[in-house]
Protein chains: 2
Amino acid sequence: MTKHSGCPTETTLALIAGKWKVMVIYWLLKEKRRFNQLQRDLSGITPRTLGKQLKEMEQDGLLKRVDYGEIPPRVEYSLTSLGRSLEPILIAMEEWAQLNGEKIPARKKQRHLENSLEIKD
Amino acid sequence: MTKHSGCPTETTLALIAGKWKVMVIYWLLKEKRRFNQLQRDLSGITPRTLGKQLKEMEQDGLLKRVDYGEIPPRVEYSLTSLGRSLEPILIAMEEWAQLNGEKIPARKKQRHLENSLEIKD
DNA sequence: ACAAGTACTATCATTTAGGATACTGTTGAA
DNA sequence: TTCAACAGTATCCTAAATGATAGTACTTGT
């Protein structure tokens with residue numbers, strides 16, 4: 001009952017919880033960018049996934065897509081003011097991690113360990 | 001995922017991105033709670049999922065589990081200071097949503113609409 | 001004697017996110 | 001003339017998250 005509940009915190013969370021969305025916002029905070037440029041910035045993302053994340057963020061009102069109707073195509077993505085207004089929250093999360101990062105036991109690695117042990121057994 | 005990069009923002013995000021974790025934190029901010037009490041609080045969660053979320057949060061250092069070794073069992077969950085230190089971030093997200101909620105086109109609801117239309121068709 | 005509460009775990013199924021790969025049509029460059 | 005670049009889409013697939021359901025061992029209340 002997180003997203004179906006009206007909890008505002010989860011509303012905000014849902015907007016940035018995609019695997020690449022925070023990084024998309026970070027790149028677009030610097031300046032507007034074109035599709036293939038973003039794909040190069042976010043090393044490792046596939047065009048399908050990038051397209052989905054961008055479309056969702058556009059639907060959420062976080063960024064706007066401008067298609068110049070040229071050939072070869074030129075499409076520019078930039079943050080809306082709504083998207084830019086998330087920056088303080090992202091910075092707060094960044095600072096929190098920098099302050100408390102040492103206190104967070106690395107759960108991922110533990111899980112890895114568990115798996116290898118299970119396999120050996 | 002999001003953790004593959006060393007981005008601190010994503011580190012923080014990963015800690016609260018589980019489907020029920022924000023609500024778990026909210027309840028535990030009020031006071032410590034037992035397992036079945038939390039299950040009642042988070043109406044709709046299954047014990048399996050609650051157990052997983054709690055275990056992850058414990059491994060992440062956000063909460064501590066105290067087993068009193070009694071029978072019938074009594075186990076109490078409470079936030080650590082690390083867990084409590086997330087409160088300002090959650091509040092920031094809450095306030096952001098309350099401020100900007102109207103500007104967010106409801107993507108979820110749109111999808112719902114699509115689905116019902118598809119079913120009717 | 002029997003049900004309910006306690007804190008879970010085990011097994012199976014479903015849903016969803018994301019990845020791999022291939023492809024589109026057009027243009028300008030080699 | 002063949003190639004890369006552009007901004008994607010289409011199809012298929014895997015992995016991870018979450019849900020449904022049932023069951024554990026024990027005790028207290030009726």
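Owing to the predicted nature of the structure, the values given are computational and were not obtained by experimental measurement. Here is the naming used below: chain letters follow the sequence lines, and residue numbers restart at 1 for every chain.
Regarding A/K52, its NZ atom lies at a distance of 20 Å from the P atom of D/dA7, rounded to whole Å. Taking atom CG on A/N36 and atom P on D/dA7, their separation rounds to 5 Å, with Å as the unit. The distance between atom CZ of A/F35 and atom P of C/dT24, rounded to the nearest whole Å, is 18 Å. As a whole-Å value, the separation of A/L50 CG from D/dT9 C1' is 13 Å. Atom P of nucleotide D/dG8 and atom CG of A/D67 are separated by 7 Å, given to the nearest angstrom. Atom CZ of A/R33 and atom P of D/dA7 are 13 Å apart (whole Å). Atom CZ of B/R74 and atom P of C/dG5 are 19 Å apart (whole Å). Nucleotide C/dG5 holds its P atom 8 Å from the CZ atom of B/R40, rounded to whole Å.
In this model, no donor atom of one side chain and acceptor atom of the other lie less than 3.5 Å apart for A/Y26 and A/E87.
Looking at heavy-atom distances under 4.0 Å, A/Q53 makes contact with sugar-phosphate atoms alone, never a base. Across all strands shown, A/Y77 has heavy atoms under 4.0 Å from sugar-phosphate atoms exclusively, and none from any base.
Among residues two or more places apart in sequence or in another chain, the side-chain contact (heavy atoms from CB on, under 4.5 Å) test is passed with B/Q39 by B/F35, B/N36, B/I45, B/P47, B/L50.
Listed nucleotides: C/dA7, D/dG19, D/dA7. Nearest to the side chain of B/W20: D/dG19.
A close approach under 4.0 Å does not occur between any side-chain nitrogen or oxygen of A/R34 and OP1 or OP2 of D/dC6. Between A/Q39 and D/dC6 there is no side-chain polar atom (N or O) within less than 4.0 angstrom of OP1 or OP2. Dashed line: the shortest gap from a side-chain N or O of A/Q37 to OP1 or OP2 of D/dA7 is not under 4.0 Å.
For the pair A/R33 and A/Y77, the cation does not sit on the ring face, since its NZ or CZ is not both under 6.0 Å from the ring centre and inside 45° of the axis.
Only one option out of B/L15, B/V24, B/I16 pairs with B/M57 in a side-chain contact (heavy atoms from CB on, under 4.5 Å); it is B/V24.
Counting heavy-atom neighbours within 6.0 Å of B/E102 CD, excluding the residue itself, gives a total of 12 or less.
Using a distance-only test at 3.5 Å, with no hydrogens or angles considered, no donor-acceptor pair links the side chain of B/S78 to the main chain of B/K32. Proximity of a side-chain donor or acceptor of A/T80 to a complementary backbone N or O of A/L62 within less than 3.5 Å is detected.
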Q.
Counting primed atoms plus P, OP1 and OP2 as sugar-phosphate and everything else as base, spell out the protein contacts along nucleotides 21-30 of chain D at 4.0 Å heavy-atom distance: B, S or - for each nucleotide, 5' to 3'.
A. -----SS---
